[in-house]
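Written below as structure tokens is the structure these notes are about.
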Number of protein chains: 2
Amino acid sequence: MAATIKDVARLAGLSIATVSKYINGGHVIDANSAAIEQAIKTLDYRVNTMARGLKTKKTKSIGVLIPSVRMVFCMDIISAIEDELSRENFSTMICDCQGRPEQEAVKIEFLLEKQVDGIIMMPSSNSSEAARRAALAGIPVVLVDRRFNTMECDRVLVDNRQLAEDATTELLQAGHRRIGIICGPEDIYTTVQRLNGYYQAYEKLGLEAYNDCISFSDYSLEGGYKALDSLMELPEPPTAVLATNYETTIGSVMAINRSGLKIPEDLSFVGFDSLDMSTLVTPALTMAIQPVQEIGEQAARLMLRRLDPQDKNKKSESGQTHSDNKYKGEEIILTGKLNRGASIKTI
Amino acid sequence: MAATIKDVARLAGLSIATVSKYINGGHVIDANSAAIEQAIKTLDYRVNTMARGLKTKKTKSIGVLIPSVRMVFCMDIISAIEDELSRENFSTMICDCQGRPEQEAVKIEFLLEKQVDGIIMMPSSNSSEAARRAALAGIPVVLVDRRFNTMECDRVLVDNRQLAEDATTELLQAGHRRIGIICGPEDIYTTVQRLNGYYQAYEKLGLEAYNDCISFSDYSLEGGYKALDSLMELPEPPTAVLATNYETTIGSVMAINRSGLKIPEDLSFVGFDSLDMSTLVTPALTMAIQPVQEIGEQAARLMLRRLDPQDKNKKSESGQTHSDNKYKGEEIILTGKLNRGASIKTI
DNA sequence: CTGAAAGCGCTTACAG
DNA sequence: CTGAAAGCGCTTACAG
């Protein structure tokens, strides 16, 4: 049988109130702390989180909801979130929709039943009734890499528009005009942003984009492979390609190598998020890099801030609380950076 | 304020005991169930898991500990575990050691503090003091893809020896003799098993293996890339290569393509665990496939079985309980299969 | 089938 | 700084 605070109190010769105070970081005279510490050790005592939670109404757990565990980007972010949360003694409950968007509502309900203190999510679509319900129930929701159309919500974003613009500009300045871009699903937030950046690069240089060079995929390895092939099968193939996530970058490179094309002699190339790969192949690939680690960290921190009552006064100052219907959500925008390699040929 | 069982009871005009019984699946006369159901709906009532847990001494959560979230194999298994556990209303708490084995003990302690009902883990080494402590504390531990040297533990394994033997035999029968193998870290369980299978294939055909064709890696994409390069730089390069996990398979293929070698004309190749890739490249790759989905499922089921008291009688029959020091652990061995492509040339 | 009551192991004002 | 006591929201024998 596991030891309880009662056992510790008895062994230390003190009341449970004192032991509780000690455990929670309150001040207790030295002799007593020593006795308590000793008792905890001998009994191998661990606080019963459920009894504590019942009183405090907090589980110290955060639900993390992602569209699919099979995307490196998601996993990197989860890893960073978990790391940051565990530092504050929060546990991370991961829910994977396995690529099935209809699972999202089910999983959110599951998390709510599990009484998580908050939810960090990367939604599959641009709105979520379930997320709204959670927010209304007082469970903070933090969005990662997405926005909702129908509801303002705390969120951590990367300036993907700028990053895609930088990548495209790099290619345009090297003289490329027909630049293939391998996007994700057409309607999701990051695709829209990256495509905006792509167009904007042309626009700023007074050039016109070629719509037949725009290819949508499911952001998978296979999708990238096929997208690259179909781009190269165009009557007039692009002279450069930009892949916009980890998986499509790898898929593209495989397709390029397979077809016998040489980078950059036959095709210039810029990848996304695959820092590990960029140095692997020769020549080194120019790569647009998102600060994945920081995304996860910031999302975790933002959540922690929402949960921590210590900024109560701040809230009332700004008038931004969850029940305030003018609430706009806090937005954190991080910037990516372009890592220059030798995969672009000047023409 | 969230509604409690008391509120539901009041609204339904019944006692909390009856409501509790209803919630937990007990029989209640129809009129009353309807009233309770109605009350739950109107109040948007959800059981307080902490209050329940305090009584039942169960959190209905399972900790899952993996060496690194950056391995596709781990993620696939986690996904399956989560899916299976959530079906039984268990939540999954994921802890990632981020490739740092020294984190393992820390994370296990974290899970214990969080009072998970059980731990499913893929340990980084061949023993774990922390895992032993957990098991001793009555927390079931299920190992995935690993065994401990120092302690018997429930485990779900794949017959990697057989799978590697099959793959190697396939190459030997095609006439290859110098077969490169890209393993993982030298001392981990799967590496040992796969290497055993490799040797055994030679042995069964009365042939001798070439030790210089054996290459160890960290199972990463980069590791696979480099391992392949160094194999091909041998004074006498292998005529075939077997990569033994997802990442080294992708890395190898990239290195092969990059070097201009053609599969299978210049080099025969067998990969591992990369079903998505095997059909992607031309020719289709012969691939050793582990039943990842099933590994996760079985691990979850095994854990659930350990937790469910309904097999109490069975336990006493077999005399296998956790406190029994002759306990050998339950071992589930799954078999992989070789998916034949056209990446092997007969010589 | 239903209800009154005890108790799970904590935290938290409130006294002292 | 310390302790007695109430109470968090459930479940579970035990009566009826």
Side-chain angles (χ1 to χ4, degrees), chain A residues 1-40 43-61 89 112-117 137-138 307 309, chain B residues 1-40 43-61 89 112-117 137-138 307 309:
Chain A
M1 216 58 267
T4 71
I5 195 173
K6 232 176 182 166
D7 301 318
V8 175
R10 193 181 311 125
L11 191 57
L14 292 162
S15 75
I16 62 168
T18 305
V19 174
S20 174
K21 191 179 175 193
Y22 170 80
I23 290 170
N24 292 295
H27 236 270
V28 168
I29 64 174
D30 287 357
N32 290 344
S33 350
I36 295 171
E37 193 56 40
Q38 177 60 40
I40 289 177
L43 295 169
D44 193 25
Y45 169 74
R46 269 183 277 266
V47 174
N48 182 317
T49 54
M50 286 170 296
R52 173 182 278 174
L54 182 55
K55 283 301 287 185
T56 62
K57 308 206 177 298
K58 298 275 170 265
T59 50
K60 296 217 90 177
S61 67
N89 246 288
L112 255 25
E113 262 165 24
K114 287 294 179 178
Q115 250 122 26
V116 293
D117 295 338
L307 260 22
Chain B
M1 217 55 265
T4 71
I5 195 172
K6 232 174 181 168
D7 302 318
V8 175
R10 193 180 311 127
L11 191 58
L14 292 161
S15 76
I16 60 168
T18 305
V19 176
S20 174
K21 191 179 175 193
Y22 171 79
I23 290 170
N24 292 295
H27 236 270
V28 168
I29 63 173
D30 287 356
N32 290 343
S33 350
I36 294 172
E37 193 56 39
Q38 177 61 40
I40 289 177
L43 295 169
D44 193 24
Y45 169 74
R46 268 184 277 266
V47 174
N48 183 317
T49 54
M50 287 170 295
R52 173 182 278 174
L54 182 55
K55 282 301 288 186
T56 62
K57 307 208 178 297
K58 298 275 170 267
T59 51
K60 295 215 91 177
S61 68
N89 245 288
L112 256 25
E113 262 165 25
K114 287 292 179 180
Q115 251 121 26
V116 292
D117 294 338
L307 260 21

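Order of the sequence lines sets the chain letters (A, B, ...), proteins ahead of strands, with each chain counted from 1.
The stretch residues 18-29 of chain A comes close to DNA chain D through Thr18(A), Lys21(A), His27(A), Val28(A), Ile29(A), each having a heavy atom under 4.0 Å from the strand. Across residues 43-51 of chain A, not one residue has a non-hydrogen atom less than 4.0 Å from an atom of DNA chain D.
More than 12 heavy atoms of other residues, nucleotides or ligands shown are found within 6.0 angstrom of CG on Asn24(B).
The interatomic distance linking Ile16(A) (CD1) with dG7(D) (P) rounds to 15 Å, in whole Å. Counting to the nearest Å, the P atom of dC10(C) and the CG atom of Leu54(A) are 12 Å from each other. For Lys6(A) and dT11(C), the NZ to C1' distance is 15 Å, given to the nearest whole Å. Here dC10(D) presents its P atom at 16 Å from NZ of Lys60(B), a figure rounded to the nearest Å. As a whole-Å value, the separation of Lys55(B) NZ from dG9(C) P is 9 Å. In this structure, Glu113(B) atom CD and dC10(C) atom P are separated by 13 Å, rounded to whole Å. Lys58(B) places its NZ atom 15 Å from the C1' atom of dT12(D), with the value rounded to the nearest Å.
The salt bridge (Lys or Arg N to Asp or Glu O under 4.0 Å) pairs that include a residue from residues 9-18 of chain B are Asp7(B)-Arg10(B), where partners are two or more places apart or lie in different chains.
Going from atom CE of Met50(A) over to atom CD of Gln115(B) covers 5.0 Å, rounded to the nearest 0.5 Å. Atom CD1 of residue Ile23(B) and atom CD1 of residue Ile36(B) lie 7.5 Å apart, to the nearest 0.5 angstrom. Note that CG of Leu14(B) is 9.5 Å distant from OG of Ser33(B), once rounded to the nearest 0.5 Å.
Nearest heavy atoms, Tyr22(A) versus Ile40(A): CE2-CD1, 4.3 Å. Nearest heavy-atom pair, Ser61(B) versus Thr59(B), reported as atom, atom and distance to 0.1 Å: OG-OG1, 2.9 Å. Ser15(B) approaches Ala9(B) most closely through the heavy-atom pair C-CB, 3.8 Å. Minimum interatomic distance between Asp117(A) and Lys58(A) (heavy atoms only, all atoms of both residues): OD1-CA, 3.5 Å.
Side-chain contact between Leu54(B) and Asn48(A) is present, with heavy atoms from C-beta onward closer than 4.5 Å.
Formation of a donor-acceptor pair under 3.5 Å by the Lys114(B) side chain with backbone atoms of Thr49(A) is not found in this model. In terms of modelled atom types and a separation under 3.5 Å, the side chain of Thr56(B) and the main chain of Arg52(B) share a donor-acceptor contact.
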Each base of DNA chain D marked ( ) or [ ] if paired in-strand (Watson-Crick or G-U under 3.5 Å), | if paired to another strand and . if unpaired gives |||.||||||||.|||

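Between Gly13(A) and Ile5(B), the one whose closest nucleotide on DNA chain D sits nearer the 5' end is Gly13(A).
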Detail all sub-3.5 Å separations between protein N/O atoms and N/O atoms belonging to nucleotides 13-16 of chain C.
none

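For Arg52(A), the side-chain atoms get nearest to dC10(C) when compared with the rest of dC10(C), dC8(C), dA4(D).
Considering only side-chain N and O atoms, Thr4(A) lies nowhere under 4.0 angstrom from the phosphate OP1 or OP2 of dG9(C).
Evaluation of the side-chain contact (heavy atoms from CB on, under 4.5 Å) rule for Leu11(A) yields Ala39(A), Thr42(A), Leu43(A) as partners, not counting sequence neighbours.
Leu14(A) comes within 4.0 angstrom of sugar-phosphate atoms only, judged by non-hydrogen atoms across all strands, and of no base.
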